[in-house]
Amino acid sequence: EMAEKDYNTGAYQNAIEKYEVFIKKYPKHDNASLAWVRTKMAGLRQNVGRPTEALTYALKELPELKVEPAFSEARGELATVLPSIAESFADQAAKARETEKKDELIAKAEKSMDELVNQASYIPTKLRSNPDVASRIKRIQEKIKNVRRNIDRENNLVAAVEKITEFTNKGETADAFVARRTLLEKYPGLETDERLVTAVVNISKKEAELVIVQPDTKDVTPDEVASPDFQVKVALKPSTGSKSIPGVAGHVCCVLVGGAVYGIDVTSGEGKWRRFVGAETTTTPQPVSDQPGADVLLVDSANHDLLCVKSQTGELVWRLPVGSPFLAPVHYKDLLLINTRDGRLLEVNKKTGANTRIVGFPMELGTVAAYGDEHPLLYQVGEHHNLYVVDSETMECQEVLYLGHKKGSVDVSPVYAVGFLLVIENIASDRSVLHVIAMNEKGRELKEIQRIALQGKVVVPPLVFERRVLI
């Protein structure tokens, strides 16, 4: 009775000593088995605050103890004590900082569950079905699962960063970005992890070295390319004797309709010429200059050519075979800048069509280059993540800013306004983000200083009006 009293009040060492005296004095007594069970359970309870010792003790003593006739008396306690051991390991693992330590502790939690808690000889089905016991076991399983996921996430992150670094050092930046994307598909929450961001910033720095001025250029030609026999009828309303619009006499308006460009006399409304440019063409004709009667630039998407034609007759002035899909030409001083979707920037003479230089980027391009009047620099947004700064005089890349935008999320080119560069990223069908980028007095050392949330998806380039930007 004295031993039972000590046991029930938590005086386990005193209880052990009394039980041992009882067993030694009365080894054949009916309660000898119970005294033996109590002795071992007291020893187990003494170690509960030290889960490693408790696990070792339980694995050693319980297999022998379960054959005792009075072992059934211990099962109710084991339903509480054994889960405590597993939960202690799980809690310690969750708090541990080092991945190796987490792995060591959670392995012990899993061992405690497998070899103790889940053993029906220790905690039978009837006890496991108890709501309190069942809910606790489920909670422990969730803790173990969460820690194991965190360990796997950390290991995958470390492996991915190593792989990204390896690819970056080799100059294989496309593969480095694939490694990042693969990681984030499984663990999207790692996108802002400092180690991953640093690794991706290093990719961006490496890409500055991979932007090169290519030795070969495209040859311009004065020759036509064969046009298919394709007709589009346009309802033209000729003049019916009404007064002419002042100042438009002799002007020809060039319009894109159904895969062809039509030169229409503004005074009479009559079609003067027609040129097929491909049904997939969406770029509207552009005059080469603001002068009346200036030649017109046409994008021929059927042949991937840039054409310059006379506005009055549609006669070809020059044709530049670009060779792959490209975006609308950008007028820059006396030049045209042509972005191809496969990652090239062509510098073209407006008058002659001569392709003077080609810059190759290490990724695809989805928008045209932007520039400011104050600095001889071009700002080119990559298809994903990067913003490139290119010296317009040497066409060499000066720096790369990591923006982190997703592939295809930037639909309009950057805008230079009041000393800042503005980049708009569409993050959803109804939401976008305005990246505000500051620079030094030379237009370099770019740094993102603000992100402004916008309602709606931006697909039309912003307009700059004095010190205002209209989006």
Side-chain angles (χ1 to χ4, degrees), residues 160-181 191 194-217 327 330 332 335 337-347 356-372 374-410 413-416 420-423 425 435-449:
V161 169
E162 290 178 355
K163 188 178 295 185
I164 289 171
T165 301
E166 180 182 351
F167 283 134
T168 301
N169 293 337
K170 292 180 180 179
E172 299 171 356
T173 55
D175 290 332
F177 279 121
V178 169
R180 174 187 180 273
R181 185 173 66 249
E191 185 169 12
E194 183 178 352
R195 290 164 293 177
L196 183 61
V197 170
T198 299
V200 177
V201 168
N202 290 335
I203 301 176
S204 299
K205 292 179 180 178
K206 185 67 176 182
E207 291 216 323
E209 303 173 12
L210 302 179
V211 178
I212 59 173
V213 179
Q214 298 179 352
D216 299 327
T217 56
L327 305 173
V330 173
Y332 179 67
L335 301 170
L337 301 176
I338 313 298
N339 287 94
T340 65
R341 293 192 177 277
D342 59 5
R344 291 174 296 145
L345 176 62
L346 283 66
E347 180 186 77
T356 50
R357 286 181 291 191
I358 298 179
V359 181
F361 291 86
M363 68 170 61
E364 296 180 351
L365 304 175
T367 62
V368 299
Y371 60 89
E374 301 171 14
H375 316 293
L377 297 170
L378 304 176
Y379 302 100
Q380 178 67 62
V381 175
E383 182 72 358
H384 56 86
H385 293 99
N386 293 342
L387 172 64
Y388 300 88
V389 182
V390 177
D391 189 319
S392 62
E393 297 177 354
T394 64
M395 283 298 183
E396 295 179 349
C397 184
Q398 301 300 307
E399 64 181 284
V400 177
L401 175 67
Y402 172 74
L403 282 181
H405 58 282
K406 291 181 172 59
K407 184 175 182 179
S409 62
V410 177
S413 63
V415 173
Y416 181 85
F420 295 94
L421 193 68
L422 308 178
V423 179
E425 175 188 2
H435 299 261
V436 181
I437 301 167
M439 57 189 69
N440 64 14
E441 66 279 2
K442 296 182 179 180
R444 301 180 181 180
E445 297 181 10
L446 272 57
K447 181 179 180 181
E448 184 177 4
I449 60 172

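Of the residues T173, N386, T168, the one that meets the side chain to side chain donor-acceptor pair (under 3.5 Å) test with S204 is N386.
With rounding to the nearest 0.5 Å, the separation of CD in E191 from NZ in K406 is 4.0 Å. Considering CE of M363 and CD of E383, their distance stands at 8.5 Å, rounded to 0.5 Å.
Counting only distance, with no hydrogens or angles, the side chain of N339 and the backbone of A369 share a donor-acceptor pair below 3.5 Å. The main-chain N or O of L446 is found under 3.5 Å from a side-chain atom of E399 such that the two form a donor-acceptor pair. A donor-acceptor pair under 3.5 Å is formed between the side chain of S392 and the backbone N or O of P376.
Inter-residue side-chain proximity for L337 and V368 is flagged as unmet; no heavy-atom pair is nearer than 4.5 Å. Counting heavy atoms from C-beta outward, R341 and L327 have side chains that approach closer than 4.5 Å. The side-chain heavy atoms of V423 and H405, taken from C-beta on, include no pair separated by under 4.5 Å. In this structure, N202 and T165 have side chains that are not in contact, with every pair of non-hydrogen atoms separated by 4.5 Å or more. K206 places none of its side-chain heavy atoms less than 4.5 Å from the side chain of I203. Using a 4.5 Å heavy-atom threshold, the side chains of I437 and L403 count as touching. By the 4.5 Å heavy-atom criterion applied to side chains, Q214 and R344 are counted as neighbours. Here the side chains of E207 and Y402 are not in contact, with every heavy-atom distance at 4.5 Å or above.
Ring geometry, H375 versus Y416: the interplanar angle exceeds 60°, so the pair is classed perpendicular (tilted spans 30 to 60°). Between H385 and F177, the angle of the ring planes stays under 30°, which puts this pair in the parallel group of the 30/60° scheme.
Closest of all the heavy-atom pairs between I164 and A176 is CG1-O, 3.6 Å. When all heavy atoms are compared, the tightest approach of L377 to Y371 is O-CB, 3.5 Å. Considering every non-hydrogen atom in both A208 and C397, the closest pair reads O-CB, 3.7 Å. A pairwise comparison of heavy atoms in T394 and Q398 identifies OG1-NE2, 4.3 Å as the closest pair. Contact record, R444 with D391: NH2-OD2, 3.5 Å, taken as the closest heavy-atom pair. Residues P362 and V211 share a closest heavy-atom pair of CD-CG2, 3.8 Å.
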Exercise for the section: Please assess T217 against T356 for the test side chain to side chain contact (heavy atoms under 4.5 Å, CB included), listing each intermediate value before the final yes or no. Expected result: CA-CA 7 Å; T217 56; T356 50; over 6 Å; no
Exercise for the section: Assess whether side chain to side chain contact (heavy atoms under 4.5 Å, CB included) is satisfied between F420 and I449, documenting all intermediate values. Expected result: CA-CA 10 Å; F420 295 94; I449 60 172; 3.7 Å; yes
Exercise for the section: Run the numbers on L401 and L421 for side chain to side chain contact (heavy atoms under 4.5 Å, CB included), then give the verdict. Expected result: CA-CA 12 Å; L401 175 67; L421 193 68; over 6 Å; no
Problem - Step-by-step side chain to side chain contact (heavy atoms under 4.5 Å, CB included) determination, Q380 to T367 - result: CA-CA 8 Å; Q380 178 67 62; T367 62; 4.1 Å; yes
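For the pair E166 and K163, the salt-bridge criterion is not met [side-chain N within less than 4.0 Å of a carboxylate O].
Side-chain contact check for Y332 and E347: no donor-acceptor pair (N or O, by modelled atom type) lies under 3.5 Å.
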